[in-house]
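Small disclaimer: the values here were computed from a predicted structure and weren't measured.
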Amino acid sequence: MLHKHKFPFWYLSLPVGSAKRMRTFALFLTTMASSFTVCRLHMRGRILSKRYCSSALSSAEKIECKSLHALQVERQDQAEKSVLISCQSRTSEKKFLKFLSKHGDIKKYFFYESYGVYAVVEFASRDSVSSLLESATIPSISQESIVPFKSRLLSIRNLSSVNQQLNRKHLGFLLLGCVEQQILSLTKAYQLTEENSRLRFLVCSLLKDIAAAYFPECTIRPFGSSVNGFGKLGCDLDMFLDLDSISGVCLQPKSGFSLEYQMKRVNSERAITQSVLSVIGECVDQFGPGCAGVQKILNARCPLVRFSHQPSGFQCDLTANNRVAMKSTELLYLYGELDPRVRSLVFTIRSWARSHGITSSIPGAWITNFSLTIMVLFFLQRRGPPIIPTLDHLRDLAGPEDRSMIEGSDCTFVRDFSKIQLQNNTETLEQLLCEFFEFYATFPFSRMSINIRKGKEQNKPEMSPLHIQNPFETSLNVSKNVNSTQLDRFMALCQESSWLLQQNKTSTPNNTPTPWGLATLLLPSQVAGIKSGKKRRREPASERIKSLLESLKKQNQEKTG
């Protein structure tokens, strides 16, 4: 069901964020045996070209990939030339565009819903944005006072209206095809759209307008799931306030006078980060239009400001000293671009994990999406031949321009895709999905650690149930929060899912409302002991399969009876 006034309408009508709804989603698919509608943003005007990749690539096929830095530069430039406009629900699109075109050529635009109807408009020139802002007026409100902060978040009023329905893109999601097609459909349905990505960069640009009052040379960039290629529709917007670009000329004169800035000095960089975020957070709270629920969480390991940006519908986290996270974002982006199977497998495993409560948006003992993504990457490095290279190999390929040391951590890896030669692995997504479950159902977690830098198991340096080495801060365990109960559930569900996929090989999809393929993995578990949060002694595999068979047999008898 569409949640109006709470989520933008490009969100899936059945959010991935709810495990219960994901299971209902699987049941719905198998019962209806037809497509469902996914509401996504519709872009008017010229559609940007898009690249769709098959699930397996031969060694002869080459994809021209764009670096994350190049993508960010392009997106930031688009955002700087864009405005966000609140519209009346019955605004005439033709007159709306004619009005804005007086200020310059419009390059792209699209509409969406979030607490009303909004339009993102990108002009061909920044001068057009300046012209538009100069023509805007201060709203006249008789009973309230107005904070005198001007931004690129505008409202358009008093235009003649006609009945108009926003076009919505319908996406068929059929679970009657082969497992390979199901995985690709799932990825296409849940990944961020072109329009959603543009809006995220625009929100960062709008926030930069606020921060620039104190730090004119700063930049605010999205990181994490918003840009690494693994984000799903509705994911939070993580933002990084980059102050490193604020610097003076470093040339030392040979003679004569020289000038330097007088700057305040404090004891630690953390104290600076806390002070900066405290000030920016206060400005966002007091002056940021559409920003609500501002929280300044300054004593966390990574200080941040959290707030809701109502015009876009995004939950936002702003940090100012998280450079390692930026490098992790770039690394995941690189791995996702190397082979299209990487992202598809990650989306599928994440959806499966969420449907069974392995991951959660609430902090706790659950496996995080980041840890789960690292596990998928490690599995792909362990294939024969490997699908993606190890981080050490990427470091060895790096040139001088790739060198990066952050707070004592070696964050170096090659960023030029042309230097990376992939081996010829032709495994299908269905094979990889089944092998993933088999791999981790029997993985020696009690003794071994997961390490994508080396691409092989290593002895655990600590006694945590699950140990996954941070790719860059190698002394950290990114899964230290996971307890033995949650790890046992993960392994048991991997074992069950592997068995279910094996059964698909002996059957084919049909037009009856019987769970098949990917849908079977999203349904509630049938294995005894998995649904309970209490720790139980695990049964032998043969007993678990026998129990599952008896349960399925009983269900079939009830249906036929």
Side-chain angles (χ1 to χ4, degrees), residues 43 48-51 63-84 107-108 120 122-124 126 129 152 191-212 215-233 235-247 304 309 312 314 316-338 342-343 370 373 394 398-399 401-404 406 411-418 420 471-472:
M43 173 177 275
L48 295 178
S49 60
K50 298 182 179 180
R51 175 169 58 86
I63 296 177
E64 185 177 348
C65 299
K66 184 181 297 184
S67 71
L68 181 60
H69 174 71
L71 176 65
Q72 288 178 319
V73 170
E74 177 184 350
R75 290 289 189 221
Q76 287 166 357
D77 180 67
Q78 292 169 347
E80 292 293 330
K81 294 185 291 187
S82 300
V83 293
L84 183 57
K107 191 173 182 180
K108 301 283 189 307
V120 173
E122 179 195 351
F123 286 93
R126 298 189 187 190
V129 175
R152 282 176 287 139
Q191 66 186 356
L192 297 182
T193 63
E194 162 78 16
E195 298 84 357
N196 194 300
S197 178
R198 282 171 168 266
L199 186 58
R200 290 172 185 270
F201 277 85
L202 178 54
V203 172
C204 289
S205 183
L206 293 174
L207 196 65
K208 178 202 167 185
D209 292 344
I210 298 176
F215 308 104
E217 300 174 37
C218 76
T219 58
I220 293 182
R221 294 179 287 164
F223 70 95
S225 56
S226 292
V227 290
N228 64 20
F230 298 104
K232 65 177 176 61
L233 291 168
C235 65
D236 292 349
L237 173 56
D238 295 315
M239 298 179 287
F240 176 71
L241 173 62
D242 188 358
L243 303 175
D244 289 346
S245 59
I246 302 175
S247 60
L304 60 93
H309 188 259
S312 64
F314 296 140
C316 304
D317 285 348
L318 174 67
T319 61
N321 185 19
N322 202 8
R323 299 180 187 88
V324 174
M326 295 294 294
K327 294 300 293 185
S328 296
T329 298
E330 188 174 3
L331 178 65
L332 294 188
Y333 173 83
L334 182 145
Y335 275 130
E337 288 290 297
L338 287 179
V342 177
R343 286 199 178 111
F370 180 72
T373 302
L394 295 178
E401 69 281 359
D402 299 317
R403 301 297 173 188
S404 177
I406 301 176
C411 300
T412 301
F413 58 89
V414 64
R415 291 179 291 179
D416 185 350
F417 288 93
S418 64
I420 305 173
F472 299 121

**Request:** List the steps and the verdict of side-chain contact (heavy atoms from CB on, under 4.5 Å) for His69 and Tyr333.
**Result:** CA-CA 10 Å; His69 174 71; Tyr333 173 83; over 6 Å; no

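- Although no hydrogens or angles enter the test, the distance criterion places a donor-acceptor pair under 3.5 Å between the side chain of Asn228 and the main chain of Gly224.
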**Request:** Check the pair Tyr335 / Leu394 against side-chain contact (heavy atoms from CB on, under 4.5 Å), numbers first and verdict last.
**Result:** CA-CA 10 Å; Tyr335 275 130; Leu394 295 178; 3.7 Å; yes

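- How far CG of Asn322 is from CZ of Phe223: 4.5 Å, rounded to the nearest 0.5 Å.
- Here the OG atom belonging to Ser67 is positioned 7.0 Å from the CD atom belonging to Glu330, to the nearest 0.5 angstrom.
- Between the Ser404 side chain and the Thr412 main chain, no donor and acceptor come within less than 3.5 Å of each other.
- Put simply, the residue from Val203, Asp238, Val227 that forms a side-chain contact (heavy atoms from CB on, under 4.5 Å) with Pro222 is Val227.
- In terms of modelled atom types and a separation under 3.5 Å, the side chain of Asp402 and the main chain of Gly399 share a donor-acceptor contact.
- Under a 4.0 Å N-O distance rule, the pair Lys208/Asp242 does not qualify as a salt bridge.
- When all heavy atoms of Ala211 and Ile220 are compared, the pair lying nearest together is CB-CD1, 4.2 Å.
- Going from atom CD of Gln78 over to atom OG of Ser205 covers 11.5 Å, rounded to the nearest 0.5 Å.
- Across Pro471 and Phe370, no two heavy atoms sit closer than the pair CD-CZ, 4.3 Å.
- Going from atom CD of Gln191 over to atom SG of Cys235 covers 12.0 Å, rounded to the nearest 0.5 Å.
- In plain terms, the two heavy atoms of Leu334 and Arg415 that are nearest each other are CD1-CA, 4.4 Å.
- Two residues are said to be in side-chain contact when any heavy atoms from C-beta on lie closer than 4.5 Å; Arg152 and Leu202 meet this criterion.
- Nearest heavy-atom pair across Lys232 and Leu192 is O-CD2, 3.3 Å.
- Atom-to-atom distance recorded for Leu338:CG and Arg343:CZ is 9.5 Å, nearest 0.5 angstrom.
- In this structure, Arg198 does not pair ionically with Glu195, as no charged nitrogen and carboxylate oxygen lie closer than 4.0 Å.
- A donor-acceptor pair shorter than 3.5 Å can be found between the side chains of Arg323 and Asn321.
- Annotation: side chain of His309 is in contact with side chain of Leu84 (closest heavy-atom distance under 4.5 Å).
- Tested against Arg75 for a salt bridge (Lys or Arg N to Asp or Glu O under 4.0 Å), the candidates Glu80, Glu194, Glu122 yield a single pass: Glu194.
- With rounding to the nearest 0.5 angstrom, the CZ atom of Phe240 is 6.5 Å from the CZ atom of Arg221.
- Taking each heavy atom of Arg403 and Ala398 in turn, the nearest pair found is NH2-O, 3.6 Å.
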**Request:** Using the side-chain contact (heavy atoms from CB on, under 4.5 Å) rule, take Asp77 and Arg126 through it: C-alpha gap first, then chi angles, then the decisive distance, then the call.
**Result:** CA-CA 9 Å; Asp77 180 67; Arg126 298 189 187 190; 3.4 Å; yes

